**Student:** 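The structure that follows is given in the form of structure tokens.
In the text below, chain A, chain B and the rest are named by the order of the sequence lines, each starting its count at 1. Quick caveat, the model's predicted, so the values are computed rather than measured.
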Amino acid sequence: MIKIILKDDSKMEVQEGITILEVAQKISEGLARIAMAGIVDGEVKDLRYVLNNDCKLEILTFDEEAGKKAYWHTTSHIMAQAVKRLFPDAKIAIGPAIDEGFYYDFDVEKPFTDEDKANIEEEMKKIIKEDLPIERFVLSKKEALELMKDEPYKVELIEELPEGEEISFYRQGDFTDLCAGPHIVSTGKIKSIKILSSSGAYWKGSEKNKMLQRIYGISFPKASLLQEHLDLLEEARQRDHRKIGKEQELFMTHELVGSGLPMYLPNGATIRRILERYIADKETALDYKHVYTPSLANVDLYKTSGHWDHYKDDMFPVMKMENEELVLRPMNCPHHMLIYKNKLHSYRDLPIRIGELAHDFRYESSGSVCGLERVREMCQNDAHIFVTPEQIKEVFEEVVKLILSVYEDFGFNNYTFRLSLRDKNDKEKYFDNDEMWDNAEAQLREILTELGIEYYEAEGEAAFYGPKLDVQIKTAIGHDVTISTCQLDFLLPQRFELEYIGEDGKAHRPVVIHRAILGTFDRFLSFLIEEYKGAFPLWLAPTQVKILPITDNQHEYAHKLKEEFMKKGIRVEVDDRNEKTGYKIREAQLSKVPYMLIVGAKEVEEETVSVRSREGGDEGSISKKVFIDRVIEEIENKKLS
RNA sequence: GCUUCCAUAGCUCAGUAGGUAGAGUGCAGCCUUGGUAAGGCUGAGGUCACGGGUUCAAUUCCCGUUGGAAGCCCCA
């Protein structure tokens, strides 16, 4: 027998195994704030979670977003309840469900220790065992303020709510929380919980506010699901680019060089060079013209561009020289504006595509630098495209297609398009000209719709000069970061008084499209490492072929092969150490070399190689020519493994 | 930058309740010449991140600096 709690807090009972339609009927009659159900073969097996506040029928499983959120949100209340029991002086702030789990923020005297967290987890388990029913009730604003008078953060939240509306609360035993819901029926429905971590977090996400203590946790209806989740987290840690970067000698850092300043080792540098050539060639084929511009610039350049006002906190401090002030550039847009301005352009010349692999410097806060993902000196795959207003659409489309074709070459699937818009209320951060912004944003939406690209919108993520289309990915450790970006800019052409001569013989102002396909080579490599888990496809692998002679007698042959391969542009190494073949194979396999060539007396005799591939294992002996042709063909086609 | 935590051999980590340290792996030498995921022996390697303080004595306790981790803030 399963109880369903109705909106008036009465309960109805249904038999396990009734059909969805029957449940729907009962619910619609009773206007329940229902329900989450386990459904097997069309029959309701377990109505586990009360969900909906506004009387709509929804039958969900834990796999569905809303069900998870309700489950985790309820667990966050249990955590708050546990904290209040153990730390009666703690003030509670907010405790939402997030993409993976939940957190709750507390204002406490001292940050939580590991021991505290263990105790909280134990107390949570007790609360679950108590199987407290969760009840919803509503109050007027006045009553709500009275009820929460000892919780200053709740008072602040209640005061922000509109006058005259009912304010909902949820109560479970000795704990009541201001909450819009939804929640599940009782604490006993939570099965497996785990406190994951804790850290400081600013109240309302503003560094101007007090730092509270946030505890993250997660819960599942089955212990095996929790274990699966923890295994996934562990798997993600295994492909962290910082870990693989060290193991495969891709890059290193040194405290004498400084934080956020990685050094590329030969293996990482090889991959980076391939990426540079790859994208530059692709751009050249689209009529991009590449330039070199200096990393140091007079600070007046950025005052002219407007960057100085919006960006100076993120720049390294000014270097005062004899009678000029120099800065390390945080971006190279202004340089490209000046290159455009170097001569007079006709509308016939447009679009003009100026590209550069440009080193830029940003003073990232010490807490946010991360391997190759966030660095203080980066190399951008940057370009600025100067277009007439009429060309915006076609050029934007060209850029989006380039992005998609590049992603196809790399075999990427897990990315999303984000339309990054300004925060209309933030006149500080964004260039203040509503008409320009509205126009640019409308144009971008139109283009995206026309291209049939799925995207989501994010306010407050634009550049100071205009809206952008960003490609977002999730890193191994869950950071949401931008890889590619394409931005529409009406401001810099104005700042630099850019012009072209139109068909009418008069001067017109071009529009600038900023774009970075690989974003920065640094972040892109960090993404590649995690995407491939260190097993780079052949065309990117630092060592493509490793030759493993079985005994000393094959060293000469092995080295001759190496030379031959090198002449063909294949990246090859010989492992001529005094070790057994099995040992060498194991090591080469663990270092993710795409091809191993085992050569013994037989191969020397027959001028063949015994091929072992990373994915396929032992493939037997073939002539060296056949192997070389195959490798070259796979490199040229950028074969993905 | 903020909150918390961390720093021991090239790497991954033990350890010292305050008396200057160990394993595995890697590296070097020797034996072994072995056919598709770890052969054996021997050896070298550490100012226990750096700078102060407390102490008879600090790698260990305290403070600071640098670097690192998680999250917050911020961003390619």
**Student:** Roughly how far apart, to the nearest Å, are B/U54 and B/U59 at atom C1'?
**Tutor:**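 Roughly 16 Å separates the two C1' atoms.
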
**Student:** Checking only heavy atoms, does the side chain of A/Thr520 share a donor-acceptor pair with the base of B/A76 at less than 3.5 Å?
**Tutor:**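 Flag set: donor-acceptor pair detected.
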
**Student:** Assess A/Arg422 against A/Tyr430: is NZ or CZ under 6.0 Å from the centre of the six-membered ring, and within 45 degrees of the ring's axis?
**Tutor:**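 No, A/Arg422 and A/Tyr430 do not form such a contact.
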
**Student:** Any donor-acceptor pair under 3.5 Å joining the side chain of A/Glu603 to the base of B/G35?
**Tutor:**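 Yes, the side chain and the base share a sub-3.5 Å donor-acceptor pair.
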
**Student:** When all nucleic acid strands are considered with a 4.0 Å heavy-atom cut-off, which category describes A/Leu212: base, sugar-phosphate, or nothing?
**Tutor:**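 Answer is nothing: A/Leu212 stays at 4.0 Å or more from every strand.
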
**Student:** Taking only Lys NZ, Arg NE, NH1 and NH2, and the carboxylate oxygens of Asp or Glu, determine whether A/Glu283 and A/Arg515 approach each other closer than 4.0 Å.
**Tutor:**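 Counted as a salt bridge, because a side-chain N and a carboxylate O are separated by less than 4.0 Å.
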
**Student:** Have a look at A/Gln589 and say if it touches a base, only the backbone sugar-phosphate, or nothing, with a 4.0 Å heavy-atom cut-off.
**Tutor:**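 Base contact.
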
**Student:** Under 4.0 Å between a side-chain N or O of A/Ser259 and OP1 or OP2 of B/G68?
**Tutor:**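 Affirmative; the distance criterion is met.
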
**Student:** Would you measure the distance from the P atom in B/G10 across to the matching atom in B/C27 and give it in whole Å?
**Tutor:**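 Roughly 14 Å separates the two P atoms.
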
**Student:** Quick check on RNA chain B: between A/Gly260 and A/Ser484, whose nearest nucleotide comes earlier from the 5' end?
**Tutor:**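 Of the two residues, A/Gly260 wins.
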
**Student:** Is the shortest distance from a Lys or Arg side-chain nitrogen in A/Asp114 or A/Lys117 to a carboxylate oxygen in the other one below 4.0 Å?
**Tutor:**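 Looking at A/Asp114 and A/Lys117, the cut-off is met.
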
**Student:** Does A/Asp552 get its side chain close enough to the base of B/U33, under 3.5 Å, for a donor-acceptor pair?
**Tutor:**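 Checked by distance alone, the answer is yes.
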
**Student:** Taking B/U8 as the reference, what is the distance to B/G15 when you measure between their P atoms (whole Å, please)?
**Tutor:**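 So the two P atoms sit 13 Å from each other.
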
**Student:** Atom CZ of A/Arg374 and atom P of B/C72: how far apart are they, to the nearest Å?
**Tutor:**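 Rounded to the whole Å, the gap is 12 Å.
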
**Student:** Would you indicate what A/Leu590 reaches in the nucleic acid, counting non-hydrogen atoms under 4.0 angstrom: base, sugar-phosphate, or nothing?
**Tutor:**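 Since a base atom lies under 4.0 Å of A/Leu590, the category is base.
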
**Student:** Which listed nucleotide (B/A70, B/A76, B/G35) is nearest to the side chain of A/Lys602?
**Tutor:**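 Per side-chain heavy atoms of A/Lys602, the pick is B/G35.
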
**Student:** Answer yes or no: is there an ion pair linking A/Asp409 with A/Lys282, defined by an N-O contact shorter than 4.0 Å?
**Tutor:**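 Looking at A/Asp409 and A/Lys282, the cut-off is met.
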
**Student:** A/Glu579 CD to B/U25 C1': how many Å, rounded?
**Tutor:**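 To the nearest whole Å, that distance equals 13 Å.
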
**Student:** Taking the same atom, C1', in B/G18 and in B/C48, what whole-Å distance lies between them?
**Tutor:**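 Taking atom C1' in both B/G18 and B/C48, they lie 14 Å apart.
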
**Student:** With P as the reference atom in both, quote the distance from B/U65 to B/G29 in angstrom, rounded to an integer.
**Tutor:**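 Their P atoms lie roughly 45 Å apart.
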
**Student:** Closer than 4.0 angstrom, basic N to acidic O: yes or no for A/Asp575 and A/Lys546?
**Tutor:**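 No, no charged N to carboxylate O under 4.0 Å.
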
**Student:** Given the structure, check if the side chain of A/Glu364 and the base of B/A76 hold any donor-acceptor pair shorter than 3.5 Å.
**Tutor:**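 When only heavy-atom distances are counted, A/Glu364 does reach the base of B/A76 through a donor-acceptor pair under 3.5 Å.
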
**Student:** Does A/Lys580 place a side-chain N or O at less than 4.0 Å from the phosphate oxygens OP1/OP2 of B/A37?
**Tutor:**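 For B/A37, OP1/OP2 do not have a side-chain N/O of A/Lys580 under 4.0 Å.
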
**Student:** With a non-hydrogen cut-off below 4.0 angstrom, is A/Arg242 in contact with a base, only sugar-phosphate, or nothing?
**Tutor:**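 Sugar-phosphate contact only.
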
**Student:** Rounding to a whole Å, what distance do you find between A/His479:NE2 and B/A69:C1'?
**Tutor:**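 In whole Å, B/A69 C1' lies 10 Å from A/His479 NE2.
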
**Student:** Would you indicate what A/Arg577 reaches in the nucleic acid, counting non-hydrogen atoms under 4.0 angstrom: base, sugar-phosphate, or nothing?
**Tutor:**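 Contact class for A/Arg577: sugar-phosphate only.
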
**Student:** In whole angstrom, give the distance that lies between atom NZ of A/Lys208 and atom P of B/G1.
**Tutor:**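 Checked: the NZ to P distance equals 18 Å.
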
**Student:** Give a yes or no on whether a salt bridge exists between A/Glu461 and A/Lys468, defined as a side-chain N under 4.0 angstrom from a carboxylate O.
**Tutor:**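 Salt bridge: no.
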
**Student:** Are A/Ser366 and B/G1 close enough that a side-chain N or O sits under 4.0 Å from OP1 or OP2?
**Tutor:**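 It does, given that an N or O in the side chain of A/Ser366 lies less than 4.0 Å from OP1 or OP2 of B/G1.
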
**Student:** Check if the side chain of A/Tyr363 and the base of B/G1 share a donor-acceptor pair of N or O atoms closer than 3.5 Å.
**Tutor:**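 Between B/G1 and A/Tyr363, which were checked side chain against base, a qualifying N/O pair under 3.5 Å is absent.
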
**Student:** For A/Phe524 and B/A76, give me the distance from atom CZ to atom C1', rounded to whole Å.
**Tutor:**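 Those two atoms, CZ and C1', are 12 Å apart.
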
**Student:** With a sphere of 6.0 Å drawn around NZ of A/Lys427, does it hold more than 12 non-hydrogen atoms of other residues, nucleotides or ligands?
**Tutor:**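 Enclosed.
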
**Student:** Rounded to the Å, how far apart are A/Arg237 CZ and B/A70 P?
**Tutor:**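 Rounding to the nearest Å, CZ of A/Arg237 and P of B/A70 are 10 Å apart.
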
**Student:** Please tell me if A/Lys243 has a side-chain N or O lying less than 4.0 Å from either OP1 or OP2 of B/G68.
**Tutor:**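 No, A/Lys243 has no side-chain N/O under 4.0 Å of OP1/OP2 on B/G68.
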
**Student:** Whole Å only: how far is the CG atom of A/Leu597 from the C1' atom of B/G35?
**Tutor:**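 From A/Leu597 CG to B/G35 C1': 14 Å.
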
**Student:** Take atom CZ of A/Arg630 as the centre, draw a 6.0 Å sphere, and report whether it contains more than 12 heavy atoms from other residues, nucleotides or ligands.
**Tutor:**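 Yes, because the 6.0 Å sphere around CZ of A/Arg630 holds more than 12 heavy atoms from other groups.
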
**Student:** Touch check for A/Ala601, heavy atoms < 4.0 angstrom, all strands: base, sugar-phosphate only, or nothing?
**Tutor:**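 Result for A/Ala601 = base.
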
**Student:** Within the structure, does a side-chain N or O atom of A/Lys584 lie under 4.0 Å from either OP1 or OP2 of B/A38?
**Tutor:**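 No.
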
**Student:** Which part of the nucleic acid, if any, lies within contact of A/Tyr583, taking any heavy atom under 4.0 Å across all strands shown: a base, the sugar-phosphate backbone alone, or nothing?
**Tutor:**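 The answer is sugar-phosphate, as A/Tyr583 gets under 4.0 Å only of primed atoms, P, OP1 or OP2.
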
**Student:** Under 4.0 Å, counting only non-hydrogen atoms across every strand here, what does A/Arg214 touch: a base, just sugar-phosphate, or nothing?
**Tutor:**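 Contact class for A/Arg214: sugar-phosphate only.
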
**Student:** Need one value for A/Gly205: base, sugar-phosphate or nothing, where a base atom within 4.0 Å counts as base even if backbone is also close, heavy atoms only.
**Tutor:**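 A/Gly205: backbone/sugar contact only, no base atoms under 4.0 Å.
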
**Student:** Students often get this wrong, so: under 4.0 angstrom with heavy atoms, is A/Val375 touching a base, only sugar-phosphate, or nothing?
**Tutor:**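 If one applies the 4.0 Å heavy-atom cut-off, A/Val375 turns out to touch a base.
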
**Student:** For B/G29, measure the glycosidic angle (O4'-C1'-N9-C4 for a purine, O4'-C1'-N1-C2 for a pyrimidine) and name it syn if it falls within 90° of 0, otherwise anti.
**Tutor:**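 For B/G29, whose glycosidic angle is more than 90° from 0, the conformation is anti.
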
**Student:** With hydrogens left out and only the distance checked, is there a donor-acceptor pair under 3.5 Å joining A/Asn578's side chain and the base of B/U32?
**Tutor:**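 Per atom types, the contact qualifies.
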
**Student:** Expressed in angstrom and rounded to an integer, what is the separation of A/Asp105 atom CG from B/C72 atom C1'?
**Tutor:**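 Computing the A/Asp105:CG to B/C72:C1' distance gives 9 Å.
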
